[in-house]
Amino acid sequence: MYLTRKWLEKLIDLNGVKNEQITVALNSLGFEVDSFKDYSSLNDKLKIAHVGNVTPIEGTHLNFCFVDKGDDLVSPIVCGASNVKEGQYVILAEAGKKIANGLKLENREIKGKMSEGMICALTEIGLNEKALSEEEKDWIYPIVTKEDTYTLIGNDTALEEIGFLDAVWEVDLTLNRSDALGALQLAKELANYFDKDLNDFTKNYTFKENSLNSPVSIKIDKEVEKVVRSVAMQVISVKDVLTIGEKEHKIYSNQDIWLKFNDCKTTHNFWMDLANAIAIETGQPILFLDPSKLKSQLEIKNNKNADHSVNLQLLSDKEVISTLGIEINQKYLPTVDSKEILVVYLSLDPIFMRKQQKEFNTSTIDLQRYMKPVSSKLYKIAQDRVIYWLDQYNIYQSNSKLEVMKESNEKQVEVSVKLEYIHKLMGINLTGKEIKSLFKTLDFEITDNGDELLFKVDEFRTDIFHSANIVEEITRIYGYDNVQSTPPKILSDNKTKKLDLRLQKQSENYLLGLGFTNIKTYSLLSSDTVQRWNLFDIKNPINLMSPLSKLRETFRLSLSRSIIETASFNYSKGNKNVKLYEFADIYNMDDLRQRHLAILISGDVINQKSYDLSIKSSYAYLKGICDSILQTTYNLNLNEVEFELNEKAPNDIHPFINAKITSKGKTLGFIYKLNPRFEQSQKLDSTFVLELNITELQEIKNSVIRAQEVSKFQKTTRDVSFILNLKDKYSEIIKTIINKVNHLTKVELIDIYQDEKLRNSNSKSVSVSFEFNSIEKQLTDQEVQKELDKVLSNLSKLKIEVR
């Protein structure tokens, strides 16, 4: 991004502000200055001259010209440029003048012709060649001014009249400040930094609203409906006044040089150059069209062909109006004969437009903005700038209301931040009044509610969402250098116990002992994948503003899909028997942060060929690990933990071999087998996954650990088998049948059996072991039987058959 002083001076009073101060300001505000060039001291004063007669010098590419430089007699000049012609106003370096390329001019004879100076090209006076088109590199520069240029002949203000006596900053923008791809945003920042008022350019002209409506609408093809974020159009009535040269509008030289300072190659088409200028100023790409040339409805479509799989275009009656961001069909551009101008403002998905850029391997002013995360509301300021510039060229007559044909769901952000939070993060205490004063010309509305500030964020900023962003913004504007550095206070407290980490370490040691491998996976997935695998139903995921790929654009909301990807990758490399686990955090936009644990088994969990021992992965094996972590690590009573079928499981999960794990109304996690079709697509054997919300477990864990006396008497066990319907919940049945049973020290599920008869009746046989003991005495068989009878009686009341 580039910024020039003369352009800034139209918006800010920079009297007394030196260029060095602007450089310091930009850097301190976070806009790193990559380069700075002051063009005002490169040349001596050069004159404006008028080319009278041009005669080719035979046998050369040279021309012998007579040039009027305001003296009584015309001056002879030999010129080698291909575009020199009679009637031009040009930059003349007379003998004795020094120019930027180091040449000091003198009268000299060339091919037998005396040449008293030189007609200058832009490269000769110091402009970088990369800002010129190929044809311009061989051209002298013809001057076009807003005033009557003839009256300026002989003045030594040529460089001033074309806007060349300027200073230019090249600014490196970070992705989060893509809003500054509109130079007006940088102007606001500098006005705020120097405590200057920002001139309201809309006061320089008068709006004249007419009753015109757009003669065409825009249809968006279904395939690219999500790609088009917003569409707005406006019809402007223009005057038939400005005609320069042979029936053509021309950009004034000072505007043309400004474009070149912005590294924008001018097209020598008034409307294309004006569109580039407005895009640079506002960040909003513009399409100028002549509505009288449009015969049918406009359509936005990915018009794929043999050469391009991504080819987003604006069409009319199947004819290409514009390949968006790449080029425009000049047939549909306005001309000096146009009575009305149709202005089209589009906001497009930056990820899709990055693909468009790769397909065409080019870079344009529009494309640079389409492929960055800028606001979809920029048409609001762009329409003002369009009318401003048309008025500057004395073309503007009146305009219709802006028609917004598609509006994005982008909302203006409001964030509440407590002063205490600001003070804590900044390390200094600022009052609400002091903070409000920092945002003088920045478009933030701040409401002071005592100990809390409500920020209504500049609607064109796309990088501020929550309180931490606000504190960062306050610190940036206040000045990082103004925040006094203080050494951190590290207090030693040998009584502090990081219980959460100890419990996590305990679980890790348990899994490592079972032969599991610790993995670390990538936190970003595609948006569709994140939503499909959002097992815990977490809202407001974090989407990257400009992801490198559609596959890595959103922070995951569960670990399951990532651990499955790792297992699939291992299988493709020949490692078919895997036992994996991962501890990792997940986040969302609401400052939620949760610690999760994902465990996966696939293939054989035990495979020892020397002992001819092989155990396949199973739901029961993984559930045993789950029970051990819940009971041993987090001290939960398994009778209070429920495993219920998750009917909302995604299609990639087995519809019947899965469970949602809950306790006391809290969702602790999910355990499931992958759908066989999904396993096949991932080239996996039978695979089972467990994911636990460790943060939730930390909240409900039983922190009270009571020492229990170990009985010195012999325990007694009784096994009972009974028939359960598949719809019955085992945990609920156990709670009921052990109600008021004394001396019961342990209940353990030891077997589940189902033969064909039970299968046909949707039932299963469950064997449960009941352990009885007392710390006071040895229980007799009669006492044990009495308590067991209570169990059997409770089963009878539930009409459950005991085998």
Side-chain angles (χ1 to χ4, degrees), residues 182 205 210 212-218 230-244 247-252 255-256 258-259 264-295 297-300 312-316 319-348 364-367 369-370 378-405:
Y205 57 90
N210 58 40
L212 294 173
N213 290 312
S214 173
V216 293
S217 61
I218 292 185
S230 65
V231 179
M233 295 199 296
Q234 189 173 34
V235 179
I236 298 177
S237 176
V238 292
K239 300 176 184 177
D240 183 18
V241 277
L242 180 63
T243 53
I244 299 176
K247 292 281 280 184
E248 61 177 336
H249 292 309
K250 287 188 178 180
I251 288 286
Y252 295 136
Q255 185 78 355
D256 177 62
W258 177 79
L259 282 169
C264 176
K265 293 180 174 66
T266 45
T267 66
H268 306 288
N269 179 287
F270 175 82
W271 297 101
M272 293 170 67
D273 290 339
L274 186 60
N276 280 338
I278 294 167
I280 290 169
E281 290 182 319
T282 66
Q284 172 66 65
I286 304 286
L287 290 174
F288 286 116
L289 303 174
D290 185 335
S292 68
K293 298 177 182 179
L294 302 174
K295 305 303 181 186
Q297 181 186 41
L298 297 174
E299 181 182 13
I300 300 176
L312 194 66
Q313 293 183 325
L314 180 67
L315 307 168
S316 177
E319 188 167 355
V320 178
I321 304 293
S322 171
T323 300
L324 295 174
I326 308 299
E327 61 184 358
I328 188 168
N329 187 341
Q330 296 195 30
K331 168 184 172 182
Y332 291 95
L333 289 172
T335 66
V336 291
D337 297 320
S338 300
K339 304 301 180 185
E340 294 173 357
I341 311 298
L342 178 65
V343 191
V344 181
Y345 310 90
L346 298 174
S347 176
L348 306 172
T364 66
I365 294 297
D366 286 357
L367 199 55
R369 284 147 183 82
Y370 278 141
L378 290 172
Y379 56 78
K380 294 181 179 180
I381 53 172
Q383 66 158 337
D384 292 339
R385 209 61 181 161
V386 167
I387 294 172
Y388 169 81
W389 280 115
L390 294 181
D391 184 72
Q392 293 296 298
Y393 280 93
N394 197 26
I395 301 174
Y396 173 70
Q397 185 163 296
S398 61
N399 64 278
S400 70
K401 287 185 178 179
L402 188 73
E403 298 178 60
V404 181
M405 297 189 169

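None of the values given here were measured: they were computed from a predicted structure. Quick note: residue numbers are just sequence positions, from 1.
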Are Ile236 and Gln397 close enough, and set up right, to give a side chain to side chain contact (heavy atoms under 4.5 Å, CB included), and what steps lead you there? CA-CA 7 Å; Ile236 298 177; Gln397 185 163 296; over 6 Å; no

Show your working on side chain to side chain contact (heavy atoms under 4.5 Å, CB included) between Tyr370 and Thr364 and close with a plain yes or no. CA-CA 10 Å; Tyr370 278 141; Thr364 66; over 6 Å; no

State the CZ-CG distance between Arg385 and Leu378, to the nearest 0.5 angstrom. 14.0 Å

Taking atom CG of Asp391 and atom CG of Asn399, what is their separation to the nearest 0.5 Å? 11.0 Å

Result block: side-chain N/O donor-acceptor pairs under 3.5 angstrom for residues 340-347, not counting sequence neighbours:
{"residue": "Tyr345", "atom": "OH", "partner": "Gln234", "partner atom": "OE1", "Å": "3.4"}
{"residue": "Ser347", "atom": "OG", "partner": "Arg229", "partner atom": "NH1", "Å": "3.1"}

Only pairs at least two apart or in different chains count here, so list each salt bridge (charged side-chain N to carboxylate O under 4.0 Å, His left out) that has a residue in residues 264-273. none

Could you tell me which residues satisfy side-chain hydrogen bond (donor to acceptor under 3.5 Å, both in side chains) with Asp256, sequence neighbours excluded, listed by chain and number? Tyr141, Lys260, Thr266

Shortest non-hydrogen contact from Ser217 toward Met233: CA-CE, 4.3 Å

For Ser316, give me all partners under side-chain hydrogen bond (donor to acceptor under 3.5 Å, both in side chains), at least two apart in sequence or on another chain. Ser296

How close do Gln255 and Trp389 get, counting heavy atoms only, and between which atoms? OE1-CH2, 3.1 Å

Please tabulate, for side-chain N and O atoms in residues 323-330, each donor-acceptor pair with protein atoms closer than 3.5 Å (sequence neighbours left out).
{"residue": "Thr323", "atom": "OG1", "partner": "Gln313", "partner atom": "NE2", "Å": "3.0"}
{"residue": "Asn329", "atom": "OD1", "partner": "Lys331", "partner atom": "N", "Å": "3.1"}
{"residue": "Asn329", "atom": "ND2", "partner": "Val320", "partner atom": "O", "Å": "3.2"}

Identify the two heavy atoms, one from Asp384 and one from Lys380, that lie closest to each other, and give their separation to 0.1 Å. OD2-O, 3.6 Å

If you look at every heavy atom in Ile218 and Gln297, which pair is closest and at what distance? C-NE2, 4.5 Å

Give the minimum heavy-atom separation between Pro285 and Ala279, together with the two atoms involved. CA-CB, 4.1 Å

Nearest non-hydrogen partners of Ser214 and Glu403, listed with the distance: N-OE2, 2.8 Å

Please name the residue in the list Ile300, Leu294, Leu333 that meets the side chain to side chain contact (heavy atoms under 4.5 Å, CB included) test with Ile321. Leu294

Those residues at least two apart in sequence (or on a different chain) that pass side-chain hydrogen bond (donor to acceptor under 3.5 Å, both in side chains) with Asp290 are Ser292, Ser338

Check salt bridge (charged side-chain N to carboxylate O under 4.0 Å, His left out) between Lys293 and all other residues, then give those that pass, not counting sequence neighbours. none

Applying the ring pair (Phe, Tyr, Trp, His ring centres under 6.0 Å) test to Phe288, which of Phe270, Tyr332, Trp271 qualifies? Trp271

The criterion is side chain to side chain contact (heavy atoms under 4.5 Å, CB included); which residues satisfy it with Ser398, sequence neighbours excluded? Lys208, Asn210, Ser237

Contacts of Lys401 that satisfy side chain to side chain contact (heavy atoms under 4.5 Å, CB included) - sequence neighbours left out: Glu209

CA sep, side-chain torsions, deciding dist, call: Ile381, Gln284, side chain to side chain contact (heavy atoms under 4.5 Å, CB included): CA-CA 9 Å; Ile381 53 172; Gln284 172 66 65; over 6 Å; no

All side-chain hydrogen bond (donor to acceptor under 3.5 Å, both in side chains) counterparts of Lys339, not counting sequence neighbours: none

Check the orientation of Tyr205 and Tyr396. Use parallel for under 30°, tilted for 30 to 60°, and perpendicular for over 60°. perpendicular

